[in-house]
S.K.: 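Handing you this structure, nothing more for now.
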There are 2 protein chains.
Amino acid sequence: MTDVKTAINPLFLREEELRQGVELLFFAYRDFTAEPDAILAEYGFGRAHHRVIYFVGRNPAMTVSDLLDILRITKQSLSRVLGQLVREGFVVQRPGSRDRRQRLLELTIKGVELERRLTERQRVLFAKAYRDAGAEAVEGFRKVMLGLIAPEDRSRFPVKR
Amino acid sequence: MTDVKTAINPLFLREEELRQGVELLFFAYRDFTAEPDAILAEYGFGRAHHRVIYFVGRNPAMTVSDLLDILRITKQSLSRVLGQLVREGFVVQRPGSRDRRQRLLELTIKGVELERRLTERQRVLFAKAYRDAGAEAVEGFRKVMLGLIAPEDRSRFPVKR
DNA sequence: CTTTATATGTCAACATGACTGACGTAAAAA
DNA sequence: TTTTTACGTCAGTCATGTTGACATATAAAG
């Protein structure tokens with residue numbers, strides 16, 4: 001019987017390649033969240049707070065519904081972390097002008113400061129990885145990652161230029 | 001005052017590019033875990049069980065310590081999910097032959113079946129993304145992802161061939 | 001103008017998976 | 001023989017997700 005691992009076996013190579021993809025994503029995500037987690041702990045916050053601060057900073061005046069669509073959690077889950085962030089002065093809510101049922105979300109100065117502090121580490125990590133890999137590799141990274149993301153969310157990443 | 005977004009501003013472009021990286025990772029991870037989570041729920045398991053089953057399947061006869069190093073969680077946290085998997089017959093433990101303090105981990109047939117069922121979805125997802133992006137993009141993806149991973153774990157991904 | 005739908009919020013109960021800290025056992029290494 | 005290592009367990013706590021029920025204000029439809 002031929003050894004499935006040493007023979008030239010396209011099916012095995014494929015499986016191996018795909019498993020490496022799975023693992024790359026696991027390890028990258030694990031290491032990508034480690035640094036901000038440590039900072040968040042100083043504030044008594046967790047990863048969920050980071051996500052809210054990040055996306056509110058990125059999409060000023062976004063609605064609660066839009067944020068829920070991004071995070072894919074229930075409003076009750078969001079409510080806990082968002083409520084904390086509002087009470088502690090990192091996020092403000094104001095009624096929408098067109099639709100006054102909406103509570104548009106915005107970071108305060110304090111919120112912007114924390115956002116930058118948290119995300120800076122992650123930007124530095126990406127800057128290093130991008131620099132070491134080169135522009136062409138970054139383009140490939142983008143392509144593969146977009147393919148992993150649900151089609152309805154791909155439009156969040158418009159083509160550059 | 002010049003609009004920082006419309007002017008040709010290399011610093012802004014860089015920040016935008018880096019933020020896109022952060023978001024690509026967030027969305028990809030979110031969507032990559034969604035399908036297995038649904039299957040796990042049938043068994044009354046969670047994502048933590050998946051990680052254990054995955055890595056034990058990938059590294060047969062691995063030690064508990066090695067698994068802890070990969071997962072970066074405490075032994076108490078691991079103990080709960082691992083204990084369940086052992087009790088329910090997905091994983092077996094046997095003493096190491098060289099070092100009998102070790103409890104080497106292995107999937108049972110049942111464990112292998114669940115592992116394949118869970119990971120198949122993720123492999124299909126990667127297969128699609130890889131096929132759509134092309135071989136060159138996959139190489140770039142690999143390079144960037146490796147750069148994001150802590151140096152001590154990069155050796156888990158040997159160069160192909 | 002009345003009804004219905006939508007955006008948001010809240011209360012309560014529960015599950016998962018992480019943590020810390022303390023203590024225990026068996027086997028390897030010094 | 002003593003110390004260290006690999007692993008396990010008990011107990012308590014916290015963060016973050018869930019479901020389900022109910023409430024309020026406003027927009028949209030009839």
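Chain identifiers are assigned alphabetically (A, B, ...) following the order of the sequence lines, protein sequences preceding nucleic acid strands; residue numbering begins at 1 within each chain. Just so it is clear, the values below take in all heavy atoms, side chains as well, and ignore hydrogens, waters and symmetry mates.
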S.K.: First and last nucleotide of DNA chain D in contact with chain A, 5' to 3', at under 4.0 Å to a heavy atom: what are they?
M.R.: D:dA15 to D:dA27
S.K.: Can a salt bridge be assigned to the pair A:Arg117 and A:Glu42 using a cut-off of 4.0 Å between side-chain N and carboxylate O?
M.R.: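 Between A:Glu42 and A:Arg117 there is a salt bridge, with a charged N closer than 4.0 Å to a carboxylate O.
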S.K.: Check side chain to side chain donor-acceptor pair (under 3.5 Å) between A:Glu35 and all other residues, then give those that pass, not counting sequence neighbours.
M.R.: A:Arg121
S.K.: Before giving the answer on ring-ring contact (aromatic ring centres under 6.0 Å, His included), spell out for B:Tyr54 and A:Phe26 the whole-Å C-alpha distance, their side-chain angles and the decisive distance to 0.1 Å.
M.R.: CA-CA 11 Å; B:Tyr54 181 85; A:Phe26 168 78; 8.3 Å; no
S.K.: So what does B:Gln84 touch, heavy atoms closer than 4.0 Å: a base, only the sugar-phosphate, or nothing?
M.R.: nothing
S.K.: What pairs with A:Thr74 under side-chain contact (heavy atoms from CB on, under 4.5 Å), at least two apart in sequence or on another chain?
M.R.: A:Gln76, A:Ser77
S.K.: Once side chain to side chain donor-acceptor pair (under 3.5 Å) is applied, do any residues pair with A:Arg131, and if so which ones, sequence neighbours excluded?
M.R.: none
S.K.: What I want to check is whether the side chains of B:Tyr130 and A:Arg14 have a donor and an acceptor closer together than 3.5 Å.
M.R.: no
S.K.: Of the residues in residues 60-81 of chain A, which ones touch DNA chain C at a heavy-atom distance under 4.0 Å?
M.R.: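 Hits under 4.0 Å, by residue number: A:Thr63, A:Val64, A:Ser65, A:Lys75, A:Gln76, A:Ser79.
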S.K.: Can you name the residues that form a side-chain contact (heavy atoms from CB on, under 4.5 Å) with A:Asp31, not counting sequence neighbours?
M.R.: B:Arg72, B:Ile149, B:Ala150
S.K.: Using a strict 4.0 Å threshold on nitrogen-to-oxygen distance, state whether B:Glu23 and A:Arg58 make a salt bridge.
M.R.: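 Looking at B:Glu23 and A:Arg58, the cut-off is met.
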S.K.: Take A:Val56 and A:Met62, measure what side-chain contact (heavy atoms from CB on, under 4.5 Å) needs, and give me the verdict at the end.
M.R.: CA-CA 7 Å; A:Val56 171; A:Met62 80 189 305; 4.2 Å; yes
S.K.: Grab the CZ-P distance between A:Arg87 and C:dG9 for me, whole Å please.
M.R.: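 Computing the A:Arg87:CZ to C:dG9:P distance gives 12 Å.
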S.K.: Does the side chain of B:Gln20 pick up a donor-acceptor pair with the side chain of A:Arg156 at under 3.5 Å?
M.R.: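 No, no side-chain donor-acceptor pair sits under 3.5 Å.
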S.K.: Measure the angle between the two terminal helix axes of the helix from C:dC1-D:dG30 to C:dA30-D:dT1, five base pairs each, and quote it to 10°.
M.R.: 30°
S.K.: Please write out each protein N/O paired with an N/O of nucleotides 27-30 of chain C under 3.5 Å, distance rounded to 0.1 Å.
M.R.:
| from | atom 1 | to | atom 2 | distance (Å) |
| --- | --- | --- | --- | --- |
| C:dA28 | OP1 | B:Arg100 | N | 3.3 |
| C:dA28 | O4' | B:Arg101 | NE | 3.4 |

S.K.: Give, ordered by number, those residues of residues 24-33 of chain B having at least one heavy-atom distance below 4.0 Å to an atom of DNA chain C; if nothing qualifies, reply none.
M.R.: none
S.K.: Would you indicate whether B:Glu136, at its atom CD, is surrounded by more than 12 heavy atoms from other residues, nucleotides or ligands within a distance under 6.0 Å?
M.R.: no
S.K.: Let's go through A:Leu107 and A:Val92 carefully: what are the C-alpha distance in whole Å and the side-chain angles of both, what is the deciding distance for side-chain contact (heavy atoms from CB on, under 4.5 Å) to 0.1 Å, and is it a yes or a no?
M.R.: CA-CA 6 Å; A:Leu107 294 184; A:Val92 281; over 6 Å; no
S.K.: For A:Phe157, enumerate each residue passing the ring pair (Phe, Tyr, Trp, His ring centres under 6.0 Å) test, keeping only those at least two apart in sequence or located in another chain.
M.R.: B:Phe27
S.K.: So, using salt bridge (charged side-chain N to carboxylate O under 4.0 Å, His left out) as the criterion, who are the partners of B:Arg51 when residues are at least two apart?
M.R.: none
S.K.: Look at B:His49 and C:dG17 and indicate whether a side-chain polar atom (N or O) is within less than 4.0 Å of OP1 or OP2.
M.R.: yes
S.K.: Among all residues two or more places apart in sequence or in another chain, which pass the side chain to side chain donor-acceptor pair (under 3.5 Å) test with B:Tyr29?
M.R.: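 Here no residue qualifies.
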